[in-house]
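Nothing here was measured: the structure is a model prediction, and the numbers come from that model.
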Amino acid sequence: MEENKSLVKTGKEIRKKLVDVSFSVCVTEYKADVYLDLESGKETHAPFPKGVKDEVNYGPAIKTLTLWLSDYCNVSINKIRDLIGELTDGRVVPSTGFINRLQTGFADESRDAIASLENGLITSDFLHVDLTAGNLNGKQVNVFNFTNKSEVLYTYSESKSKEAMRETILGKFANALIHDHDTTFYSFGDREKHQECLSHLLRYLEAAKDESPGLTWHREMGGLFREMIRKRKAGEPVDYDRTMARYSAIIDIGLEEYGNNPPSKYEREGLELLKRLSKYSKENFLFLRNELVDCTNNVCERNLRKYKRKQKRAIVFRSPSSIESICAFLSIVETAKLNNRSGFKAIQSILG
């Protein structure tokens, strides 16, 4: 081929990569000689390694993939079986029974890890807490989420009474609580260290504004909350006593406005909100006195959405072990992610 003399090397390079993945099946076969015990008449053999019990056993990688598809990706059992079969050219097709046992047995596998998470949360300086409805065999239960800066825990209770909550880690927790104004939470933690979620309060104030657009107190209160949130994020100094004085003045304005414009019996949400703000004043501003405390409980809301997605697909959990296992799985995965670690590897280490 004739050389093109018009082309001169520039010294630069252009590189492009093609990235792909491949799947392989690894089979390790273990053998043991069988002996006859002449005294007992029974046959015996040397013990097999941990996890090798049946004629065919699955290792931690395939177990983790199966559980990940089920509890994180919310894939049905049949589709999990089909996908793994396709990826392995039909060499590995886990049974539905195996997948079911894996789904319901993870709570037992992870008890030590969950106990460690509980201890970390109980001894922390602050704790976010929220709950949502679950369905256990047709009966409503309550799924709790607890989190701080390094641990996440999901658990469930058949009731959200004070006695039932005491059986959770709340019964042993004694520091600051951040929540969404479920008044039962005020029976736990340090009563002088509660922070209500300002994101919720700002939404309620918007609703009060729509309900009574002619009033001013809800606009003033929303403005105060937003200003304090902005200053906290910016690290600006805040005069706590002056802030509380402004807060009290806005409450007085609201009481006067409702006194002059009594709401109808169908439009009392704004007035009820004002009464709540009057009763729980310092609980809205703990974040100004304690730099460890967040002013919202959004982290718990985001965490509980992950459970709700699983609940939506499952519709109903048939046994306590099923809901315990999904709670344990999410606890391990979300804790790993919170600490910038692989959730997949965290599950695999437990199933190894």
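The ring-ring contact (aromatic ring centres under 6.0 Å, His included) check on Phe126 picks up His128, with sequence neighbours excluded. With sequence neighbours excluded, the residues forming a side-chain contact (heavy atoms from CB on, under 4.5 Å) with Ile62 are Tyr58, Thr66, Ile84, Val92, listed by chain and number. With sequence neighbours excluded, the residues satisfying side-chain contact (heavy atoms from CB on, under 4.5 Å) with Ser281 are Met244, Tyr247. In this view, Ser212 and Leu215, His218, Tyr258 satisfy the side-chain contact (heavy atoms from CB on, under 4.5 Å) rule, not counting sequence neighbours. Residues satisfying the side-chain contact (heavy atoms from CB on, under 4.5 Å) test with Ser278, not counting sequence neighbours, are Ile251.
Here ring-ring contact (aromatic ring centres under 6.0 Å, His included) pairs that include residues 101-125, with residues two or more places apart or in two chains, number zero. Identified under the salt bridge (charged side-chain N to carboxylate O under 4.0 Å, His left out) test for residues 262-275, with sequence neighbours left out: Arg268-Glu272, Glu272-Lys275. Residue pairs meeting the salt bridge (charged side-chain N to carboxylate O under 4.0 Å, His left out) criterion with at least one member in residues 336-352, sequence neighbours excluded: Glu334-Lys337. Counting only residues at least two apart or in different chains, salt bridge (charged side-chain N to carboxylate O under 4.0 Å, His left out) contacts with residues 6-29 comprise Glu13-Arg15.
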I would like to know whether Arg276 and Glu196 meet salt bridge (Lys or Arg N to Asp or Glu O under 4.0 Å); could you show each step before the answer? CA-CA 11 Å; Arg276 166 182 160 183; Glu196 296 210 2; 2.8 Å; yes
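Side chain of Lys310 to main chain of Ser70: a donor-acceptor pair is present (N/O by atom type, distance under 3.5 Å, no hydrogens or angles). The backbone N or O of Thr335 lies less than 3.5 Å from a partner atom in the side chain of Asn339, making a donor-acceptor pair. In terms of modelled atom types and a separation under 3.5 Å, the side chain of Arg219 and the main chain of Pro213 share a donor-acceptor contact.
Ion pairing between a basic and an acidic side chain is recognised when a charged N comes within 4.0 Å of a carboxylate O; Glu283 and Arg191 show such pairing. Checked for salt-bridge contact, Arg226 and Glu206 meet the test: a charged N lies under 4.0 Å from a carboxylate O. With salt bridges taken as basic N to acidic carboxylate O contacts below 4.0 Å, none links Arg246 and Glu220.
How far CD1 of Ile122 is from CZ of Phe146: 9.5 Å, rounded to the nearest 0.5 Å. For the atom pair CG of Asn290 and CG of Asp190, the computed distance is 10.0 Å after rounding to the nearest 0.5 Å.
Hydrophobic clustering, defined by side-chain heavy atoms of Ile, Leu, Val, Met, Phe, Trp and Tyr closer than 4.5 Å, groups Tyr280 together with Tyr186. Its side chain within the 4.5 Å cluster rule, Val52 clusters with Tyr30, Phe48 among the Ile, Leu, Val, Met, Phe, Trp and Tyr residues.
Under 3.5 Å, the side chains of Thr184 and Asp182 contain a donor-acceptor pair of N or O atoms.
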Report all side-chain donor-acceptor pairs from residues 198-205 shorter than 3.5 Å, counting only partners two or more places apart or in another chain.
from: Ser199; atom 1: OG; to: Asn298; atom 2: OD1; distance (Å): 3.4
from: Ser199; atom 1: OG; to: Asn298; atom 2: ND2; distance (Å): 3.2
from: His200; atom 1: NE2; to: Arg203; atom 2: NH2; distance (Å): 3.4
from: His200; atom 1: NE2; to: Glu301; atom 2: OE2; distance (Å): 2.9

